[in-house]
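Notes follow the structure.
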Amino acid sequence: MSEPSFQDDVLTELGDDRLTEIAGLLGTDTNGARDTVTATVGAMTGDLQQKADADDDDGNEVRQAFAEVTQPPLEGVATLGGGLGGMLSGGMMAGVLAKVSKPVANAVSKKTGIPAPTIARVIELLIPVLLAVFAKRAASGKGGGPAPTAAGGESPIPSPGAVPGAAPGAVPGAAGTAPAGAAPASGGSLGDLLGQILGGGKK
(Lines give C-alpha, C1' and ligand atoms only; values in the text may rest on other atoms or scores of the structure.)
Protein backbone atom coordinates (compact mmCIF):
# COMPACT_ATOMS: atom_id res chain seq x y z
CA MET A 1 0.00 0.00 0.00
CA SER A 2 2.80 2.37 0.86
CA GLU A 3 4.69 1.67 -2.36
CA PRO A 4 3.51 3.42 -5.53
CA SER A 5 1.72 1.39 -8.17
CA PHE A 6 3.30 0.66 -11.53
CA GLN A 7 0.94 3.23 -13.11
CA ASP A 8 2.02 5.85 -10.54
CA ASP A 9 5.67 5.18 -11.37
CA VAL A 10 4.92 5.55 -15.09
CA LEU A 11 3.10 8.86 -14.51
CA THR A 12 6.01 10.12 -12.38
CA GLU A 13 8.55 9.05 -15.00
CA LEU A 14 6.38 10.55 -17.74
CA GLY A 15 6.45 13.99 -16.14
CA ASP A 16 4.16 16.97 -16.72
CA ASP A 17 5.59 17.95 -20.11
CA ARG A 18 4.99 14.59 -21.75
CA LEU A 19 1.61 14.27 -20.01
CA THR A 20 0.65 17.64 -21.53
CA GLU A 21 1.87 16.38 -24.91
CA ILE A 22 -0.35 13.29 -24.56
CA ALA A 23 -3.27 15.50 -23.49
CA GLY A 24 -2.81 17.54 -26.70
CA LEU A 25 -2.69 14.34 -28.73
CA LEU A 26 -5.91 13.13 -27.12
CA GLY A 27 -7.60 16.53 -27.27
CA THR A 28 -8.20 16.53 -23.51
CA ASP A 29 -6.78 18.02 -20.31
CA THR A 30 -4.01 16.48 -18.19
CA ASN A 31 -6.55 14.65 -16.00
CA GLY A 32 -8.03 13.00 -19.10
CA ALA A 33 -4.52 12.17 -20.29
CA ARG A 34 -3.65 10.71 -16.87
CA ASP A 35 -6.76 8.50 -16.97
CA THR A 36 -5.96 7.30 -20.49
CA VAL A 37 -2.31 6.60 -19.59
CA THR A 38 -3.40 4.67 -16.48
CA ALA A 39 -5.90 2.60 -18.50
CA THR A 40 -3.35 1.96 -21.25
CA VAL A 41 -0.54 0.98 -18.87
CA GLY A 42 -2.95 -1.26 -16.93
CA ALA A 43 -3.99 -3.01 -20.16
CA MET A 44 -0.37 -3.41 -21.28
CA THR A 45 0.87 -4.84 -17.99
CA GLY A 46 -2.15 -7.14 -17.75
CA ASP A 47 -1.44 -8.39 -21.27
CA LEU A 48 2.25 -8.92 -20.43
CA GLN A 49 1.40 -10.90 -17.29
CA GLN A 50 -1.09 -13.02 -19.21
CA LYS A 51 1.47 -13.71 -21.95
CA ALA A 52 4.21 -14.48 -19.40
CA ASP A 53 1.96 -17.15 -17.88
CA ALA A 54 1.35 -18.80 -21.27
CA ASP A 55 3.38 -21.88 -22.15
CA ASP A 56 4.08 -20.91 -25.77
CA ASP A 57 6.50 -18.86 -27.88
CA ASP A 58 4.93 -15.57 -26.81
CA GLY A 59 5.24 -16.61 -23.17
CA ASN A 60 8.90 -17.55 -23.66
CA GLU A 61 9.60 -14.23 -25.36
CA VAL A 62 7.97 -12.21 -22.57
CA ARG A 63 9.78 -14.22 -19.87
CA GLN A 64 13.13 -13.73 -21.64
CA ALA A 65 12.41 -10.01 -22.01
CA PHE A 66 11.80 -9.73 -18.25
CA ALA A 67 14.96 -11.74 -17.59
CA GLU A 68 16.82 -9.29 -19.85
CA VAL A 69 15.44 -6.35 -17.86
CA THR A 70 17.25 -7.70 -14.80
CA GLN A 71 20.55 -8.14 -16.68
CA PRO A 72 21.95 -4.58 -17.18
CA PRO A 73 23.62 -4.42 -13.74
CA LEU A 74 25.73 -7.43 -14.78
CA GLU A 75 27.23 -5.55 -17.69
CA GLY A 76 29.59 -3.28 -15.78
CA VAL A 77 30.57 -0.97 -18.63
CA ALA A 78 27.01 -0.53 -19.82
CA THR A 79 25.95 0.37 -16.28
CA LEU A 80 28.74 2.90 -15.85
CA GLY A 81 28.27 4.33 -19.34
CA GLY A 82 24.50 4.72 -19.06
CA GLY A 83 23.08 1.22 -19.00
CA LEU A 84 19.64 2.78 -18.83
CA GLY A 85 20.35 4.51 -22.15
CA GLY A 86 21.15 1.12 -23.68
CA MET A 87 17.97 -0.26 -22.17
CA LEU A 88 15.91 2.60 -23.61
CA SER A 89 17.30 2.10 -27.09
CA GLY A 90 15.61 -1.25 -27.39
CA GLY A 91 16.31 -4.71 -26.21
CA MET A 92 13.86 -7.54 -26.21
CA MET A 93 11.34 -5.75 -23.98
CA ALA A 94 10.91 -2.92 -26.52
CA GLY A 95 9.96 -5.52 -29.13
CA VAL A 96 7.55 -7.24 -26.75
CA LEU A 97 5.88 -3.91 -25.89
CA ALA A 98 5.61 -2.99 -29.57
CA LYS A 99 3.99 -6.37 -30.23
CA VAL A 100 1.28 -5.91 -27.59
CA SER A 101 0.62 -2.30 -28.55
CA LYS A 102 -1.93 -2.98 -31.31
CA PRO A 103 -4.24 -5.30 -29.33
CA VAL A 104 -3.91 -2.99 -26.31
CA ALA A 105 -4.73 0.07 -28.44
CA ASN A 106 -7.86 -1.68 -29.71
CA ALA A 107 -8.92 -2.75 -26.19
CA VAL A 108 -8.37 0.72 -24.69
CA SER A 109 -10.12 2.30 -27.68
CA LYS A 110 -13.21 0.14 -27.02
CA LYS A 111 -13.24 1.13 -23.34
CA THR A 112 -12.60 4.84 -23.81
CA GLY A 113 -14.06 5.63 -27.24
CA ILE A 114 -10.71 7.18 -28.26
CA PRO A 115 -9.67 6.05 -31.78
CA ALA A 116 -7.19 3.12 -31.72
CA PRO A 117 -4.59 4.96 -33.89
CA THR A 118 -4.52 7.76 -31.28
CA ILE A 119 -4.03 5.25 -28.45
CA ALA A 120 -1.30 3.57 -30.54
CA ARG A 121 0.48 6.94 -30.75
CA VAL A 122 0.19 7.32 -26.96
CA ILE A 123 1.69 3.84 -26.56
CA GLU A 124 4.63 4.87 -28.78
CA LEU A 125 5.29 7.74 -26.38
CA LEU A 126 4.90 5.43 -23.38
CA ILE A 127 7.25 2.62 -24.47
CA PRO A 128 10.52 4.41 -23.52
CA VAL A 129 8.90 5.43 -20.22
CA LEU A 130 7.77 1.85 -19.53
CA LEU A 131 11.29 0.58 -20.28
CA ALA A 132 12.76 3.10 -17.83
CA VAL A 133 10.28 2.10 -15.11
CA PHE A 134 10.90 -1.63 -15.74
CA ALA A 135 14.65 -1.06 -15.41
CA LYS A 136 14.32 1.05 -12.25
CA ARG A 137 11.94 -1.41 -10.59
CA ALA A 138 14.13 -4.37 -11.53
CA ALA A 139 17.22 -2.60 -10.17
CA SER A 140 15.64 -1.38 -6.94
CA GLY A 141 13.76 -4.57 -6.12
CA LYS A 142 16.26 -7.13 -7.30
CA GLY A 143 19.40 -5.33 -6.17
CA GLY A 144 22.23 -7.83 -6.54
CA GLY A 145 19.82 -10.78 -6.53
CA PRO A 146 20.30 -12.10 -10.07
CA ALA A 147 24.01 -11.29 -10.18
CA PRO A 148 25.35 -14.33 -8.31
CA THR A 149 23.08 -16.78 -10.13
CA ALA A 150 23.81 -15.51 -13.61
CA ALA A 151 27.40 -14.40 -13.29
CA GLY A 152 28.93 -16.42 -10.47
CA GLY A 153 29.02 -13.88 -7.67
CA GLU A 154 32.29 -12.10 -8.30
CA SER A 155 31.91 -11.12 -11.93
CA PRO A 156 29.79 -8.00 -11.39
CA ILE A 157 32.43 -6.42 -9.15
CA PRO A 158 35.53 -6.69 -11.32
CA SER A 159 33.70 -6.31 -14.62
CA PRO A 160 33.68 -2.47 -14.75
CA GLY A 161 37.46 -2.30 -14.50
CA ALA A 162 38.43 -5.66 -15.94
CA VAL A 163 36.14 -5.83 -18.96
CA PRO A 164 38.92 -5.91 -21.61
CA GLY A 165 40.56 -8.94 -20.00
CA ALA A 166 37.30 -10.58 -18.99
CA ALA A 167 35.41 -9.72 -22.17
CA PRO A 168 34.85 -13.29 -23.41
CA GLY A 169 33.42 -14.32 -20.05
CA ALA A 170 31.58 -11.08 -19.35
CA VAL A 171 29.81 -10.46 -22.65
CA PRO A 172 27.28 -13.31 -22.78
CA GLY A 173 24.61 -10.81 -21.70
CA ALA A 174 25.33 -8.69 -24.75
CA ALA A 175 25.41 -11.72 -27.03
CA GLY A 176 22.01 -12.83 -25.83
CA THR A 177 23.06 -16.05 -24.15
CA ALA A 178 22.71 -14.79 -20.58
CA PRO A 179 18.99 -13.97 -20.78
CA ALA A 180 18.34 -17.45 -22.19
CA GLY A 181 20.49 -19.00 -19.48
CA ALA A 182 19.08 -16.72 -16.79
CA ALA A 183 15.45 -17.51 -17.59
CA PRO A 184 15.62 -21.09 -16.28
CA ALA A 185 17.76 -19.95 -13.35
CA SER A 186 15.06 -17.44 -12.34
CA GLY A 187 12.41 -20.10 -13.08
CA GLY A 188 10.29 -20.17 -9.96
CA SER A 189 10.97 -16.56 -9.02
CA LEU A 190 9.70 -15.21 -12.35
CA GLY A 191 6.25 -14.67 -10.88
CA ASP A 192 7.86 -12.70 -8.05
CA LEU A 193 9.89 -10.71 -10.55
CA LEU A 194 6.82 -9.90 -12.63
CA GLY A 195 4.90 -8.98 -9.50
CA GLN A 196 7.74 -6.79 -8.33
CA ILE A 197 8.30 -5.04 -11.67
CA LEU A 198 4.65 -4.69 -12.61
CA GLY A 199 3.50 -4.31 -9.03
CA GLY A 200 0.63 -6.66 -9.80
CA GLY A 201 0.75 -9.50 -7.37
CA LYS A 202 -2.66 -10.50 -8.73
CA LYS A 203 -1.45 -13.97 -9.64
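The basis for the numbers below is simple: all heavy atoms, side chains too, and nothing from hydrogens, waters or symmetry mates.
Between A105 and A116, the shortest heavy-atom distance links the atoms CB-O, 3.7 Å. Between V108 and A39 the shortest heavy-atom distance is CG2-O, 4.2 Å. Minimum heavy-atom separation, K51 to V100: CE-CG1, 3.5 Å. Taking each heavy atom of S109 and P115 in turn, the nearest pair found is OG-C, 3.8 Å.
Salt bridge annotation for E61-K99: present, with a cationic side-chain nitrogen under 4.0 angstrom from a carboxylate oxygen. Salt bridge annotation for R18-E21: absent, with no cationic side-chain nitrogen under 4.0 angstrom from a carboxylate oxygen. Classification of R137 and D9 as a salt-bridged pair holds, one side-chain N sitting under 4.0 Å from a carboxylate O.
Side-chain atoms of S101 do not come within 3.5 Å of backbone N or O of I123 as any donor-acceptor pair. Proximity of a side-chain donor or acceptor of T38 to a complementary backbone N or O of R34 within less than 3.5 Å is detected. In this structure, the side chain of E13 does not engage the main chain of V133 through any donor-acceptor pair within 3.5 Å.
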Working for side-chain contact (heavy atoms from CB on, under 4.5 Å), residues V129 and V41:
CA-CA 11 Å; V129 176; V41 170; over 6 Å; no
Apply side-chain contact (heavy atoms from CB on, under 4.5 Å) to L97 and F134, showing your working.
CA-CA 12 Å; L97 291 172; F134 284 150; 4.0 Å; yes
Would V96 and F66 count as a side-chain contact (heavy atoms from CB on, under 4.5 Å) here? Give the steps.
CA-CA 10 Å; V96 166; F66 274 105; over 6 Å; no
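Here the straight-line distance linking atom CG of L125 with atom CD1 of I22 works out to 5.5 Å at 0.5 Å rounding. The CD atom of E68 lies 6.5 Å from the CE atom of M92; values are rounded to the nearest 0.5 Å. Remark: K111 NZ to T40 OG1 distance equals 9.5 Å, nearest 0.5 Å. With values rounded to the nearest 0.5 angstrom, I119 atom CD1 is found 4.0 Å from I114 atom CD1. Annotation: the span from L26 atom CG to T28 atom OG1 amounts to 7.0 Å, rounded to 0.5 Å. Interatomic distance, T12 OG1 to K136 NZ, rounded to the nearest 0.5 Å: 9.0 Å.
Other residues, nucleotides and ligands contribute only 12 or fewer heavy atoms inside 6.0 Å of the CG atom of D57. Counting non-hydrogen atoms of other residues, nucleotides and ligands closer than 6.0 Å to CG of D55 gives a total of 12 or fewer.
In this structure the side chain of M44 reaches within 4.5 angstrom of the side chain of L130, judged on heavy atoms.
One side chain, S5 or D8, offers a donor N or O that lies under 3.5 Å from an acceptor on the other.
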